[in-house]
Amino acid sequence: MKFENNYGSYSLRVEGNIVIGQFKGNLNPELLNHFKAALLNTIEPFKHLPWGYISHSPEVIAATPDARKKHGRCKPNNGD
C-alpha cells in the first residue's frame, strides 16, 4: 500500500505478522491521517493476534525547522 502527496509519501507492507512502514519527505496532517487509516486497515486481520511494526524511514523530515538548525542533522527544506 502506498500514498503520496505534494509533500511526502509512505508505503506499508506486511511480512508475516510484521508491518513495515517507510516514510519519505515531509510529514504533514494529510499524510499522517491517511497513514493512520491504512495502518488500522492493515492490522485488522490480526484482530487479537500478536503483531509488530517497524519503520525504516531514513528519508523522512520529521523535525521542526528550529530542531534541524540546532542539530544540523537534516538539510533545510523549501527555504527553511
Side-chain angles (χ1 to χ4, degrees):
M1 174 175 298
K2 295 181 180 183
F3 177 78
E4 182 175 347
N5 64 19
N6 291 334
Y7 306 102
S9 64
Y10 76 82
S11 63
L12 280 176
R13 70 180 195 271
V14 178
E15 293 184 16
N17 66 338
I18 304 296
V19 179
I20 301 170
Q22 183 172 26
F23 288 89
K24 293 182 180 179
N26 291 300
L27 297 182
N28 60 80
E30 178 190 20
L31 188 73
L32 293 175
N33 286 332
H34 196 279
F35 170 76
K36 177 184 173 184
L39 181 60
L40 291 174
N41 187 52
T42 299
I43 65 171
E44 177 64 27
F46 296 125
K47 302 243 184 237
H48 300 289
L49 300 172
W51 63 277
Y53 174 79
I54 297 172
S55 177
H56 177 69
S57 303
E59 297 179 44
V60 72
I61 300 170
T64 64
D66 288 343
R68 290 197 313 264
K69 289 175 188 173
K70 181 178 178 182
H71 295 286
R73 294 184 182 163
C74 298
K75 294 180 182 177
N77 190 32
N78 297 329
D80 291 338

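This is a predicted model, so every value here is computed, not measured.
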Partners passing salt bridge (charged side-chain N to carboxylate O under 4.0 Å, His left out) against K47 (at least two apart in sequence or in another chain) = E44
Salt-bridge present (E15, R13; N to O < 4.0 Å) = yes
Hydrophobic cluster identity match, [X] and [Y], side-chain contacts under 4.5 Å:
X   : Y   : result
V14 : L39 : yes
F35 : L40 : yes
L12 : F46 : yes
M1  : L32 : yes

Is there side-chain contact between T42 and W51, with heavy atoms separated by less than 4.5 Å?
-> no
Looking at [X] and [Y], what are the two nearest heavy atoms and their distance?
X   : Y   : answer
P50 : N17 : O-ND2, 3.1 Å
G21 : S57 : O-OG, 4.1 Å
H56 : Q22 : O-CG, 3.0 Å
S11 : K2  : CB-CG, 3.8 Å

Taking the six-membered ring for Trp, are Y10 and F23 parallel (under 30°), tilted (30 to 60°) or perpendicular (over 60°)?
-> tilted
For N5, side chain to side chain contact (heavy atoms under 4.5 Å, CB included) partners two or more places apart = F3, Y7, N28, E30, L31
